[in-house]
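First the structure, in the form of structure tokens, and then the observations on it.
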Amino acid sequence: MKVTAVTLPAFTARRLTATTFLIIEWDDVFKEHPFIYAKIVPAAQTILIFDTGCGGATYNPDIGLKSLREFVETVPVKDNGGEPLNPGGKMGYVVVQSHCHYDHILGAEAFSSDSPILGSGYDPAFASPENLPVHSQSNALGLRIPSYKIQLVPHRHSITSTTDNVPLGVIVLHTPGHTPDELALWDAQESMLYVGDTLYEDDPIIFPDEGSLPKWFATVDELLAFVRNLPNASEVKINCGHATAMKPAIDVLEATKEFMSDVVSGKEPLVRRFPRKAGWAVEYKQTSGRFSLICPEKLVLEAREIMRGRS
């Protein structure tokens with residue numbers, strides 16, 4: 001299919017590994033540019049989709065194709081031999097939600113009629129139908145909540161296909177901190193860790209009011225221990241919900257933890273303190289620009305109090 005100005009997609013895709021593609025929503029109205037991942041498992045006739053982005057919301061008048069599912073099923077991808085990732089939708093889908101923030105769920109509805117959508121069972125109430133409008137931040141932005149049913153899964157859950165329960169080679173890891181419902185994926189076949197919005201480089205890591213820095217530190221420590229215990233730890237790559245893909249996992253995890261530790265200890269200088277509806281927020285940014293943080297001030301103060309209690 002020739003892509004014209006009328007059918008310009010809201011997404012681009014490129015191959016990361018033999019089985020996995022990075023899909024980027026490149027010009028969304030929120031300037032989030034979320035990273036979406038698609039793992040193709042021909043033996044299971046299934047594609048695993050990690051997050052679904054902003055639903056094609058854009059101000060760009062040239063973008064005519066706004067559905068992630070339509071993109072995956074109809075738009076040729078150069079790195080896939082010029083074929084769509086799932087031509088005609090012949091393979092089924094399993095969708096995994098890294099967490100419930102709007103920029104990761106607004107494309108979920110297109111998959112809801114025939115595909116399971118998995119989420120973290122760590123805090124079942126957080127992304128429940130009654131709490132989703134607030135916790136997804138959709139209410140604050142005046143967004144319509146997509147209609148879908150989420151299947152909550154436990155820590156270390158092994159993901160299988162919807163037919164015949166064929167393992168996809170991926171497990172779920174609960175990673176609370178950025179939000180209570182945050183999860184990560186571990187792909188043993190490709191030695192890749194997917195962490196959603198737990199951390200990333202080059203853009204501000206933004207915590208909502210419901211976040212927790214102590215839980216975040218515990219999560220990062222658990223992820224570091226998980227990776228370090230692998231026989232090929234130095235080869236493991238990390239893929240994030242924004243900005244960062246295919247970077248050395250141990251380096252990114254360690255460096256982000258060091259930056260956040262500097263924030264909590266006071267070693268990292270405050271860039272600005274500013275008011276928000278729910279109270280004061282703060283921003284920190286390394287001079288290199290690699291890591292930055294925007295979060296409610298109360299999260300930093302809570303973490304400092306805990307740190308003082310341990311010293």
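From a predicted model like this one, the values you see are computed outputs, not experimental measurements.
The shortest distance between side-chain heavy atoms of Glu32 and His242 falls below 4.5 Å. When side chains are defined from C-beta on, Val41 does not count as touching Met91, because their heavy atoms never get closer than 4.5 Å. Here the side chains of Val263 and Val282 are not in contact, with every heavy-atom distance at 4.5 Å or above. Side-chain contact between Ile105 and Leu132 is present, with at least one heavy-atom pair separated by less than 4.5 Å. Between Thr162 and Ser115, every side-chain heavy-atom pair lies at or beyond the 4.5 Å cut-off. For the pair Ile117/Lys149, no side-chain contact is recorded, criterion being any heavy-atom separation below 4.5 Å from C-beta on. Residues Phe50 and Lys39 are not in side-chain contact: their nearest non-hydrogen atoms beyond the backbone lie 4.5 Å or more apart. Contact annotation: the side chain of Ile23 approaches that of Val72 to within less than 4.5 Å [non-hydrogen atoms, C-beta and beyond].
Checked by atom type and distance alone, the side chain of Ser265 pairs as donor or acceptor with a backbone atom of Asp262 at under 3.5 Å. Side chain of Trp186 to main chain of Arg156: no donor-acceptor pair is present (N/O by atom type, distance under 3.5 Å, no hydrogens or angles). The backbone N or O of Asp79 sits less than 3.5 Å from a side-chain atom of Arg15, completing a donor-acceptor pair. Glu25 places no side-chain N or O within 3.5 Å of a backbone atom of Gly53 that could act as its donor or acceptor partner. Within the 3.5 Å criterion, the main-chain N or O of Val166 finds no donor-acceptor partner in the side chain of Asp164. With hydrogens and angles ignored, the 3.5 Å screen pairs no side-chain donor or acceptor of Asp103 with any backbone N or O of Pro34. Side chain of His178 to backbone of Phe207: no donor-acceptor contact under 3.5 angstrom is found.
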- [ ] Give the intermediate values and the outcome of side-chain contact (heavy atoms from CB on, under 4.5 Å) for residues Asn239 and Leu22.
- [x] CA-CA 9 Å; Asn239 297 303; Leu22 167 62; over 6 Å; no

Task: Verdict with supporting geometry, Leu143 and Phe30, side-chain contact (heavy atoms from CB on, under 4.5 Å) - done: CA-CA 12 Å; Leu143 302 174; Phe30 312 105; 3.8 Å; yes

Open item on the list: Pair Arg144, Glu109 - check salt bridge (Lys or Arg N to Asp or Glu O under 4.0 Å), show working.
Closed with: CA-CA 11 Å; Arg144 184 184 75 85; Glu109 193 168 310; 3.1 Å; yes

- [ ] Step by step, work out the side-chain contact (heavy atoms from CB on, under 4.5 Å) result for Leu16 and Tyr37.
- [x] CA-CA 9 Å; Leu16 297 182; Tyr37 299 91; 3.8 Å; yes

Open item on the list: If you apply the rule side-chain contact (heavy atoms from CB on, under 4.5 Å), what do you find for Met260 with Glu268, and how did you get there?
Closed with: CA-CA 8 Å; Met260 297 289 261; Glu268 183 68 42; over 6 Å; no

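Taking a cutoff of 4.0 Å between a charged side-chain nitrogen and a carboxylate oxygen, Arg69 and Asp114 qualify as a salt bridge.
Closest non-hydrogen pair, Phe126 versus Cys100, comes out as CE2-SG, 3.6 Å. Pairing each heavy atom of Asp203 with each of Ala243, the nearest pair is OD2-CB, 3.9 Å. Scanning all heavy atoms of the two residues, the minimum distance from Ser128 to Ala125 falls at OG-O, 2.8 Å. Between Ala108 and Tyr148 the shortest heavy-atom distance is CB-CD2, 4.0 Å. The two atoms that bring Leu183 and Ser120 nearest to each other are CD2-N, 3.3 Å, heavy atoms only. Of all heavy-atom pairs between Pro204 and Ser292, the closest is CA-OG, 3.0 Å.
Taking the salt bridge (Lys or Arg N to Asp or Glu O under 4.0 Å) definition, one finds that Glu258 meets it with nothing, sequence neighbours left out. Annotation: side-chain hydrogen bond (donor to acceptor under 3.5 Å, both in side chains) contacts of Glu210 (sequence neighbours excluded): none. With sequence neighbours left out, Lys66 forms a salt bridge (Lys or Arg N to Asp or Glu O under 4.0 Å) with no residue at all. Not counting sequence neighbours, the partners of Pro176 by the side-chain contact (heavy atoms from CB on, under 4.5 Å) test are Tyr122, His174, Thr219. With sequence neighbours left out, Ser261 forms a side-chain contact (heavy atoms from CB on, under 4.5 Å) with Phe217, Lys257. Partners of Thr12 under the side-chain hydrogen bond (donor to acceptor under 3.5 Å, both in side chains) rule, at least two apart in sequence or in another chain, do not exist in this structure. With sequence neighbours left out, Asn165 forms a side-chain contact (heavy atoms from CB on, under 4.5 Å) with Thr160. Glu254 is linked by a side-chain hydrogen bond (donor to acceptor under 3.5 Å, both in side chains) to Arg228, counting only residues two or more places apart in sequence or in another chain. Legend: residues meeting side-chain contact (heavy atoms from CB on, under 4.5 Å) with Lys247, ordered by chain and number and at least two apart, are Glu201, Ile238, Thr244, Val252. Contacts of Glu283 classified as side-chain hydrogen bond (donor to acceptor under 3.5 Å, both in side chains), with partners at least two apart in sequence or in another chain: Arg272.
Linking ILVMFWY residues whenever their side-chain heavy atoms come closer than 4.5 Å, directly or via other members, leaves Leu301 and Leu293 in distinct clusters. Under the 4.5 Å side-chain contact rule for hydrophobic residues, Val236 and Ile250 share a cluster. Follow the hydrophobic side-chain contacts under 4.5 Å out from Leu68 and you reach Ile145 in the same cluster. Both Met246 and Val170 are members of a single hydrophobic cluster when ILVMFWY side chains are connected at heavy-atom separations under 4.5 Å.
Taking the six-membered ring for Trp and the full ring otherwise, the centers of Phe35 and Tyr200 sit at least 6.0 Å from each other.
Checking each of Ile47, Ile49, Thr74 against Asn86 for a side chain to side chain contact (heavy atoms under 4.5 Å, CB included) leaves exactly one that passes, namely Ile47. For the side chain to side chain contact (heavy atoms under 4.5 Å, CB included) test with His155, the passing option among Leu173, Val172, Ile171, Thr175 is Leu173; the others fail.
Residues Thr17 and Glu190 have side chains that bring a donor and an acceptor to within less than 3.5 angstrom of each other. Defined by atom type and a distance below 3.5 Å, a donor-acceptor pair is missing between the side-chain atoms of His135 and Asp181.
With a 6.0 Å radius and a threshold of 12 heavy atoms from other residues, nucleotides or ligands, Lys237 has its NZ atom above the threshold. At most 12 non-hydrogen atoms from other residues, nucleotides or ligands lie less than 6.0 angstrom from CZ of Arg14.
Contacts classified as ring-ring contact (aromatic ring centres under 6.0 Å, His included) and involving residues 249-293 (residues at least two apart or in different chains) are not found. Contacts classified as side-chain hydrogen bond (donor to acceptor under 3.5 Å, both in side chains) and involving residues 44-56 (residues at least two apart or in different chains) are given here: Asp51-Ser98, Asp51-His104.
One distance of note links CG of Leu8 with CG of Asp62; it measures 6.5 Å at 0.5 Å rounding. Between Leu299 atom CG and Leu213 atom CG the span is 5.5 Å, to the nearest 0.5 Å.
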